[in-house]
Structure formats: C-alpha cells, structure tokens
> 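Okay, here's the structure, questions in a sec.
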Amino acid sequence: MQITSNSGDITAQAVDALILYKIQDADLQTIADIVDKALDGAIRTVIDAGDFTGKSNETLILYTNNAISAKRVIVVGLGNAEDVSTEAIRQASATGTQKAQSLNLKTLATYPTISNTTTVQDASQSITEGTMLGLYHYHGQKTEDAPHELDELLIVSEEESTVSQGIEIGRAFAEGTILARDLINLPPNIATPAYLAQQAQEMAQSVGLKCTIFDRPQMQALKMGAILGVAQGSDAPPKFIILEHNADKHQEGNTVVLVGKGVTFDTGGYSLKSRDGMIGMKADMSGGAAVIGAMKTIAKLNLPIHVAGLIPASDNMIGSKAYRPQEVLTASNGKTIEIISTDAEGRLLLADALVYAQRFNPVAVVDIATLTGSIMVALGHAMTGVYSNSDDVVAKLNTSADATSENIWRMPMSPEYGNSLKSDTADTKNSGGRAGGAGVAAHFLSNFVDYNWAHIDMAGMLNNEGLIPYQPKHSARGYGTRLLAEFARQWGSE
C-alpha cells in the first residue's frame, strides 16, 4: 500500500473514503468540522442522536452523495481527550483502514490529528504504523487468493514535508515489525536456522547492514558449547547471525547490542513438552525475529551509532546425539552448566551470545526471548518482564515502551534467585524449578554479562489476544521489534 503526503483541501480529495477522527468528550476538531459543514451537519446529526459517541475505535460510515469529492466518510473514535496519544491514533488508523478494506475500497485520505501531546510528525508516524500493521495479513501457504488490499492512503496537511518525515519513520517501524511477523508465522519446516540466516542476510543487503553468519566450525572455534549442546540433537545445523549497522563506527565507544533467542522449534528435548505444549513452538524464535526486524528499522532510520544484532539460531530436538539432563556443558566464557531441563534451552543460546556481545565493548546490551512460562503467570499478556543491572538501560526501555506501547515491567533482580541454581558438578545449573522461574532464568543469564544489560522475557507475547486493532488475531504480533528499534534510537539521540 502506498502512503504519501498531500496538501490541499480535505473535501477535494477524490478518494473512496475520508477517515476522520472524533474525541469522545469534545466537539469535532477543525478538519472534521470542515467536512461536517460540507455535509450539511450529517456527522453532528448522528452524534446528537446518540448513535456515535467517539469512544475508542468506534466507527461511523456516512455516504456523501457527491457533496464532497470523497464517496464516503469513515469517522473513528479516539476516546476521551486525556487518552488521545500516539497509541490512540495508531489504533484509530488501523480501525479505519480495516473498515475500508472490509468494504473493498481502494483509495483513502486522512489527516494528522494532533493533541497536547502529539505533533503533526508524531501523528503521521502513528497513522502510518497503524495502517500498515493493521492491514497486515499472513496468507502463508494457502492456495486460495490473498484478500483484497488497499492501494493508497493520502495524509493531507499543509505541513507536507513534516508529514513526509513522519511517514518515513512510521514506515521504517512498520516494515521491521512486518518482517518479524512473517518470520514468526512461517512453519518450522521452512523457518530453519539456515533459512533465518538467509533471510537476515538478504535483508541486510537490501538496507546496507553488515551480516556475518557463523556455522558450526566457527562456533566450535569460539568454544560456544552451550549453543552447540542444544543443537547437537538436530539434523538442522545451527547458525549464529551477526547484523551490524554502522559497522565502521565500532571503535567510537557507543555500541548498542541487541540479542534475540532464535529457537526455530522447541520440542523440549528429552524434557519433552506435551502435545498441546508444542503447539506454538514455531514461534520460540520470536526474540530473534524481533532483533532482525529491529535491525531493519534501525538501518532505515539511519541511526548515528553502531548497533549490533546477535541471533543464535537452533532448534531443540530429540535424537541419539541430543543433550540430556545431568550433562555438563561449557559456555564460551568457560563457565560450566549442569543441565537439569533440556527444555530450558533458550537461556543456553543466549549465554554464548551474551558472552560474544562483550567483544563490542557495548554501552548497553538488551536480550529478548520467549524464555519462561512463569513470566506469563506474573504479568499475563499485557506486558513483558524486564530484569536488569542498569537503571539507565531500564529508563531508556521505559521511554521506548511509552513511545511504542510495547509495554514492560521491571522485575526484581535479586541474588537469592541464584540459590536454586547451585550445582554439585558445575558452576551453575540451567534450571532451578518452577518457583520464581523467570527471575531464576534472569539470574542464570547474569553469569554471562559484564556490562550494562537488560533481559526481556517476552513469553507472554506469544499468545495474541487480538484486542489491539493493529495486532492480528491468531497471528504473530512482532512484539519487541519497535521497542528495540526505539531503544537504539534513544541512545542515538544523545
């Protein structure tokens, strides 16, 4: 879909529909008021009758009968005035364009609605994100025709250049998220570690990132025993993917590293998951997909700092060579790990990746992973848990979460969580049982970091409730992509 800026009279846009916005507890804003007057008060008539109030994501469709150039008007509610934000606009734009798509329309026009907290550029970015993400549909391997798509959205404003800037930023965030969604939605017989590496490489070439792929021999040379231990039971070879933006700025001392778990399918290994527990495990590489998507966004935003994305990729299978409980693996920093559960494999991939991150002498490292079921017990599907050794890193993550509405909540990082990881045969166990599992996993990862770091446990984001208009139901939401890209943007703005 093409999204462009345009100046001129909103009532002169010859499109299939105009998308307007209504605040619930306020009169029509200027643009909507202009259109309403051109329609002889048709919008206010419906509002006065009580049939439309402007509550969040409520819609109203009116036909113009040639009173203006557009054939229809779609009015979308923004909620109460104090709730009007970039997120409200993001949701409203998704709602409006989805309504247009359901009517098989082709061309739309709208405008950047502003408030006390949103600028024209902010609104244009949010409209672009909401539209592109709201219209996302994964057609997969279906043989039937894909659903109807819209052709064009015009964002009309006299501040045309400012709108264009907002569109470009919004497009960068949306395209990264769409890439992550596509990778997560793929079936595991397609999205193998090799396929993930290939897609990362092709994306890197398209946007100017440096891409390095380590195969098993390079990982063996680096003594990445934790990753290789997980991978040894599979016929699909592991990959260690390294993406770099502004690789030539490596020595400037302002490197941000993003690390994403890339388990392309998780059976649980010999600590076997149940039949139902395995459904959805193609998405156990969601953290890795989020990093790949974020790196695309970062490249398109052309951030002025060096950013590295690390994705350790493997599946977790059962076979004669598969690792077993009570084996001891040695990570690349020399720490030994007693395996208690082979279903706690993601933290093993992250361990070697976090050790590798030290090579960049980073100012901040953030890892993201679908790591523990216990984080869902604590926080449900509303937000992710963040564990960190740095207040500064968490502060920037909070700012990024506010900007993207990819919500986080800081969890306690206490040494007591390490008590259950004490081993008689190794430096640490890889699992300490169910109690406090997310905190225990974070403590395990802390054995492999020596820098400012945060760990995001996004396991609760595997299940999509479909309650947010731009998050597709029964499909990957691509959580974390915009959060991580905005996080890097925060560092780049200093």
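FYI, the numbering just counts along the sequence from 1.
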> Which value, rounded to the nearest 0.5 Å, describes the distance between I184 atom CD1 and T264 atom OG1?
13.0 Å
> For I190 and Q141, run side-chain contact (heavy atoms from CB on, under 4.5 Å): C-alpha distance rounded to whole Å, both residues' side-chain angles, the deciding distance at 0.1 Å, then the answer.
CA-CA 11 Å; I190 294 177; Q141 289 68 52; 3.9 Å; yes
> Does a donor on one side chain and an acceptor on the other come within less than 3.5 Å for E202 and Q198?
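Yes, because at least one side-chain N or O of E202 sits under 3.5 Å from a partner of the opposite role on Q198.
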> Would you say the ring centers of Y451 and F360 fall short of 6.0 Å from each other?
no
> Are any of the side-chain nitrogens in K261 or E345 under 4.0 Å away from the carboxylate oxygens of its partner?
yes
> Kindly compute the distance separating CD1 (I169) from NZ (K300), expressed to the nearest 0.5 Å.
12.5 Å
> Find the distance between CE (M1) and CG (D151) and round it off to the nearest 0.5 Å.
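These two atoms lie 8.0 Å from each other.
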> Using side-chain contact (heavy atoms from CB on, under 4.5 Å), reason through Y111 and L20 one step at a time and then give a plain yes or no.
CA-CA 8 Å; Y111 59 97; L20 311 179; 3.6 Å; yes
> Going by atom types only, do T86 and D122 share a side-chain donor-acceptor pair under 3.5 Å?
no
> Hey, are the side chains of I408 and T384 touching, using non-hydrogen atoms and a 4.5 Å cut-off?
yes
> Would you confirm whether N80, through its side chain, and E82, through its main-chain N or O, come within 3.5 Å as a donor-acceptor pair?
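Side chain of N80 to backbone of E82, a donor-acceptor pair under 3.5 Å: no, none is there.
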> Which atom pair, heavy atoms only, marks the closest approach of K296 to V207?
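So the minimum-distance heavy-atom pair works out to CG-CG1, 4.3 Å.
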> Could you walk me through whether Y136 and Y470 satisfy the ring-ring contact (aromatic ring centres under 6.0 Å, His included) test, starting with their C-alpha distance in whole Å, then the side-chain angles of each, then the deciding distance to 0.1 Å, before giving a yes or no?
CA-CA 8 Å; Y136 174 84; Y470 60 84; over 10 Å; no
> With a 3.5 Å cut-off and no angle check, do the side chains of H455 and D367 form a donor-acceptor pair?
yes
> Quick one: closest heavy-atom pair of P469 and N57, and the distance?
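In this case the closest contact between P469 and N57 is CG-ND2, 3.7 Å.
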> Taking ring-ring contact (aromatic ring centres under 6.0 Å, His included) as the test, write out the residues that go with F173, two or more places apart.
none
> Can you find a pair of side-chain heavy atoms, one from I155 and one from T128, that are under 4.5 Å apart?
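Yes; the side chains approach each other to less than 4.5 Å.
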> Donor-acceptor pair, distance only, cut-off 3.5 Å: does the side chain of S374 make one with the backbone of A438?
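It does hold such a pair.
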> Can you name the nearest heavy-atom pair linking L186 to A191, along with the distance?
CB-CB, 3.9 Å
> Could you tell me the separation between the CG atom of L153 and the OG1 atom of T107, rounded to the nearest 0.5 Å?
10.0 Å
> Closer than 3.5 angstrom, by distance alone: can the side chain of D457 be matched with the main-chain N or O of G385 as a donor-acceptor pair?
no
> So do T117 and V84 actually touch side chain to side chain, heavy atoms under 4.5 Å?
no
> Considering non-hydrogen atoms only, spot the tightest contact between I19 and G96 and give its length.
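Scanning both residues completely, I find the closest heavy atoms to be CD1-C, 3.7 Å.
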> Are any of the side-chain nitrogens in R44 or D27 under 4.0 Å away from the carboxylate oxygens of its partner?
yes
> For T372 and A459, which heavy atoms make the closest approach, and how far apart are they?
O-CB, 3.1 Å
> Under 3.5 Å, is there a donor on one side chain and an acceptor on the other for Y387 and S446?
no
> Assess the side chains of T370 and D284: does a donor N or O sit below 3.5 Å from an acceptor N or O?
yes
> Assess the residue pair N316 and M281 against the criterion (side-chain contact (heavy atoms from CB on, under 4.5 Å)); give the C-alpha distance rounded to whole Å, side-chain angles, the decisive distance to 0.1 Å, and a yes or no.
CA-CA 10 Å; N316 186 27; M281 286 300 101; over 6 Å; no
> Between the side chain of H381 and the main-chain N/O of G460, is any donor-acceptor distance below 3.5 Å?
yes
> Would you say the side chain of L78 lies within less than 4.5 Å of the side chain of V76, judging by non-hydrogen atoms?
no
> Over all heavy atoms of both residues, which pair between M285 and L196 is shortest? Give the atoms and the distance, please.
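Looking at all heavy atoms of both residues, the shortest contact is CE-CD1, 3.8 Å.
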> Are E87 and Q91 close enough that a side-chain donor and a side-chain acceptor fall under 3.5 Å?
yes
> Residues two or more places apart in sequence or in another chain: which of them pass side chain to side chain donor-acceptor pair (under 3.5 Å) with R489?
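With neighbours one apart ignored, the set is E486.
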> Is the count of non-hydrogen atoms from other residues, nucleotides or ligands lying under 6.0 Å from N116 atom CG greater than 12?
no
> Would you mind reporting whether H148 and K106 have side-chain heavy atoms less than 4.5 Å apart?
yes
> Return yes if some donor-acceptor pair links the side-chain N/O of R72 with the main-chain N/O of Y63 below 3.5 Å, else return no.
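Looks like no, no N/O pair under 3.5 Å.
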> Are the side chains of I305 and K249 in contact, using a 4.5 Å heavy-atom criterion?
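Of all side-chain heavy-atom pairs linking I305 with K249, none is under 4.5 Å.
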> Verify, without hydrogens or angle tests, whether E406 (side chain) and G480 (backbone) share a donor-acceptor contact under 3.5 angstrom.
yes
> CG of N66: more than 12 outside heavy atoms within 6.0 angstrom?
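No.
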> In the structure I gave you, are the side-chain heavy atoms of D391 and R410 within less than 4.5 Å of one another anywhere?
yes
> Identify which one of T297, V256, V366 satisfies the side-chain contact (heavy atoms from CB on, under 4.5 Å) criterion when paired with L484.
V366
> Between D36 (side chain only) and A42 (backbone N and O only), is there a donor and an acceptor less than 3.5 Å apart?
yes
> Find the distance between CD1 (I127) and OG1 (T110) and round it off to the nearest 0.5 Å.
5.0 Å
> Does a donor on one side chain and an acceptor on the other come within less than 3.5 Å for D392 and S390?
no
> Can a side-chain donor-acceptor contact be found between S164 and S5 if the only test is distance below 3.5 angstrom?
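Per modelled atom types, S5 and S164 side chains form a pair under 3.5 Å.
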> What distance separates N6 CG from E158 CD, expressed to the nearest 0.5 Å?
9.5 Å
> Taking NZ in K282 as the centre, count heavy atoms belonging to other residues, nucleotides or ligands within less than 6.0 Å. Is the count above 12?
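Counting neighbours around NZ of K282, more than 12 heavy atoms of other residues, nucleotides or ligands fall under 6.0 Å, so yes.
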> Hey, does the side chain of H137 reach the backbone of P147 with a donor-acceptor pair shorter than 3.5 angstrom?
no
> Can you confirm whether P312 sits close enough to F240 that some side-chain heavy atom of one is under 4.5 Å from a side-chain heavy atom of the other?
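A side-chain contact under 4.5 Å exists here.
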> State whether the side chain of D25 and the backbone N or O of A81 hold a donor-acceptor pair below 3.5 Å, judged by distance alone.
yes
> Any luck finding a side-chain donor-acceptor pair between E244 and H306 under 3.5 Å?
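There is such a pair (donor and acceptor under 3.5 Å, judged by atom type) between the side chains of E244 and H306.
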> Where the side chain of R90 meets the backbone of L133, is there a donor-acceptor pair that is under 3.5 Å apart?
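Here the side-chain-to-backbone pair does not exist.
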> What verdict does the side-chain contact (heavy atoms from CB on, under 4.5 Å) test give for V449 and V365, after you've listed the backbone C-alpha separation in whole Å, the side-chain angles of each residue and the deciding distance to 0.1 Å?
CA-CA 9 Å; V449 303; V365 176; over 6 Å; no
